[in-house]
Amino acid sequence: MTAAPRPPAVLPSGSAGTAAPGLDADDVQRLLDRQTEVLELIAAAAPLRRVLDLLLGALEGLMPGASCSVLLLDRTRGTLHHGAAPSLPATYCAAIDGMAIGEGAGSCGTAAALDVAVVARDVRSDPRWTDYRHLAESAGLRACWSTPIEGRDGRPVGTFAVYHGRPHRPSHREQLLVDRFTHLASVAIDHAGVLGALVESEGRFRRTFDDNALGMAIVGPDRVVARSNTALSALVGGGDDLVGRPLGEVLAPVRGTLGSRLDDLDADALGITHPAPLVFEGRVLREGGQDVEAEVTVSLLPGQDGGAAQYVVNVFDLTERRAADRDRRARLAAETARRTAEEHAHARSEMLAAVGHEARTPMQAIVGFAELLGTMDLDEARRREALGHIGAAAGHVMDLLTDVLDLSRLEAGALPLALEPVCLSEVVDEVFALLSRAADGRGTRLSHDLGDDVVRADRRRLRQVLLNLVGNAVRHGRPGGRVRVRSWAAPDAGALCVAVEDDGPGMPPDFLPHAFTSFARARSGPATALGCDAAEEGTGLGLGLALGLMAAMGGDLSVASSGPDGTSMVLRVPRAPGRRGR
């Protein structure tokens, strides 16, 4: 037994009639003929078994008495598998198929493991054949010379074996022939691997392309469909194959033209190996039906010259997504409406309870003083006092009912409004006149800094809002303090900002978030300190109603500031058209 490195490849040189070192002219000619046949089969993508059978048969013709085989190496498992052996017994080939490589695995297993040529002159005495000797003897084999077949990465991909029926050592000529045929086997195996990978890749692509639920097309540089899948044909409809049709007859962008979009893609892709895809919303042009909304992605496969070789087009049907979006929005709207209805119902219940509570106290006063007048003989002063209490309580109930009615009309969108140009200073003067007695009673000074500003509003409703704001400022401001009304142009120039300011202690911080909530009131502070009764303190509807009235007139109301130095409530009122004032 010997294990020797393979000699360097000796290629036939010169013409067919010129002998190469170690090979005569006939060997060279036959070698060239067989090499040509093998390379032609490889170029024709013939099956590897057929190529190897031709190759081994040619070598056996050049080496009388020899039987040759090729085993292929599974690198992952470290095992050898049958590749070709046209003249070896089938039973022997089957017995060694799947053998593990290693130093004691015969000539082939050892050659693959050590990546060296291994010569076993007589397998009966070669220690590396101990486990396989009985197989060789039963097949009538006595000598085996195995050479590793190297792949393009320099590592073995299989073994090339030459068997003899008697003890044998290869000659120099045989080494040259085997070296050349081993090289051809390496080319065939590598080519088969590349071809197999391409076939596998093509199979995966075919399945991915043809069976994809996404509409797909491959379009040539002439922008004509070269291939399309079933999903895209179904989107277009008509049942016809799309091959040969211009892409512009199949797709259209929502904005711009398909040609301009593809031109932009081509221009952006110049000099870029992997250009970014083009994504746009478009329409699939259906035959005899409504177009389908779709999201289109176009990827460019550049050619060797840098220009467009092919376009890969993906078309995603947006019908289900849009339907799902509409359904989601409808469900959201329904849920919002349900919650709003529940909130309104809850608010109505709370309002009814609050109205009942608010009306009970003045009604008790009316009933009590009415009974007093009916059962007791009162002097004129006490009778006038009782009638005054009855009048105040009745007014409180009337104000409460009026505010509730106005809130209901606002909620229903049925509040009658007469929008007209209104001089703001005139309305403020009217409010001051109505509140002068209350202001004098607290020593509050009323003033305004207004010009000839004209706003567009319902005069009565604007007066109602200002009465509420100025009245609150007087009621809750500092005794002996001041209440001022001033205005300035809003940033949008289409409205006027009007501030009602006092110098009172301000609203409690925990009340501010609920200032415009119906029946929300801050009972602590000045009102309690002054001993105001329910009529003086208000119903808690004023600010909420004022906000609603301003919104109905196209304006707004907010708390600009509130603290120890006073409170500032700001109205935003639309200006009358063509009237800018100062």
Side-chain angles (χ1 to χ4, degrees), residues 354 358 361-362 392 395-396 399-400 403 424-425 427-450 453 461-488 490 496-550 555-573:
E358 291 291 337
T361 299
H396 182 74
D399 289 343
L400 175 64
D403 288 350
L424 180 63
S425 61
V427 177
V428 173
D429 286 338
E430 293 175 11
V431 170
F432 281 3
L434 291 171
L435 294 174
S436 61
R437 182 177 178 183
D440 292 342
R442 292 180 57 80
T444 302
R445 181 169 56 89
L446 302 178
S447 66
H448 68 73
D449 181 15
L450 304 172
D453 293 303
R461 295 301 185 181
L462 180 59
R463 182 172 62 245
Q464 183 179 354
V465 171
L466 287 170
L467 270 171
N468 178 273
L469 298 181
V470 176
N472 281 346
V474 170
R475 184 181 304 117
H476 300 295
R478 182 172 56 84
R482 61 172 179 80
V483 173
R484 183 176 66 153
V485 180
R486 61 186 183 91
S487 66
W488 66 90
L496 186 71
C497 291
V498 182
V500 177
E501 301 170 335
D502 64 55
D503 56 358
M507 302 179 190
D510 58 347
F511 172 73
L512 285 174
H514 312 287
F516 297 103
T517 302
S518 297
F519 299 105
R521 292 180 300 187
R523 292 186 175 274
S524 61
T528 302
L530 292 168
C532 295
D533 60 20
E536 291 175 321
E537 194 170 322
T539 64
L541 286 173
L543 287 180
L545 179 59
L547 177 63
L549 290 174
M550 290 308 304
D556 192 17
L557 172 62
S558 61
V559 181
S561 63
S562 185
D565 296 329
T567 298
S568 175
M569 305 292 293
V570 175
L571 292 168
R572 183 180 175 278
V573 193

request  = Grab the two heavy atoms, one from Ser487 and one from Leu424, that are nearest each other, plus how far apart they are.
outcome  = CB-CD2, 4.4 Å

query = Would you say the side chain of Val465 lies within less than 4.5 Å of the side chain of Leu571, judging by non-hydrogen atoms?
reply = yes

task = Report the C-alpha distance between Phe432 and Val427 in whole Å, list the side-chain angles of each, state the deciding distance to 0.1 Å, and finish with yes or no for side chain to side chain contact (heavy atoms under 4.5 Å, CB included).
result = CA-CA 9 Å; Phe432 281 3; Val427 177; over 6 Å; no

key: Approximate separation, where rounding is to 0.5 Å, of Arg478 CZ and Asp503 CG   = 4.0 Å

inquiry  = Tell me the closest heavy-atom pair linking Leu496 and Trp488, and the distance in Å.
reply    = CD1-O, 3.4 Å

ask   = If only atom types and distance count, is the side chain of Arg442 paired as donor or acceptor with the main-chain N or O of Gly477 below 3.5 Å?
value = yes

note = The side chain to side chain contact (heavy atoms under 4.5 Å, CB included) partner of Ser425 among Leu450, Val485, Asp449 is Leu450

query = Is there a side-chain contact between Thr567 and Asn472, using heavy atoms and a 4.5 Å cut-off?
reply = no

ask   = If every non-hydrogen atom of Leu543 is compared with every non-hydrogen atom of Asn468, which pair is closest and at what distance?
value = CD2-OD1, 3.7 Å

query = If you look at every heavy atom in Leu435 and Gly471, which pair is closest and at what distance?
reply = CD1-N, 3.5 Å

query = So how far is it from Leu547 CG to Met569 CE, rounded to the nearest 0.5 Å?
reply = 9.0 Å

key: Student check: side-chain heavy atoms of His476 and Asp502 closer than 4.5 Å   = no

inquiry  = Walk me through whether Leu462 and Leu549 qualify under side chain to side chain contact (heavy atoms under 4.5 Å, CB included).
reply    = CA-CA 8 Å; Leu462 180 59; Leu549 290 174; over 6 Å; no

task = Under the side chain to side chain contact (heavy atoms under 4.5 Å, CB included) rule, what do Leu466 and Val428 come out as? Steps first, then yes or no, please.
result = CA-CA 7 Å; Leu466 287 170; Val428 173; 4.0 Å; yes

key: Criterion side chain to side chain contact (heavy atoms under 4.5 Å, CB included) on Leu557 and Met550, from CA distance to verdict   = CA-CA 7 Å; Leu557 172 62; Met550 290 308 304; 4.3 Å; yes

query = Which residue, Arg486, Arg484, Arg482, forms the side chain to side chain contact (heavy atoms under 4.5 Å, CB included) with Ser447?
reply = Arg484

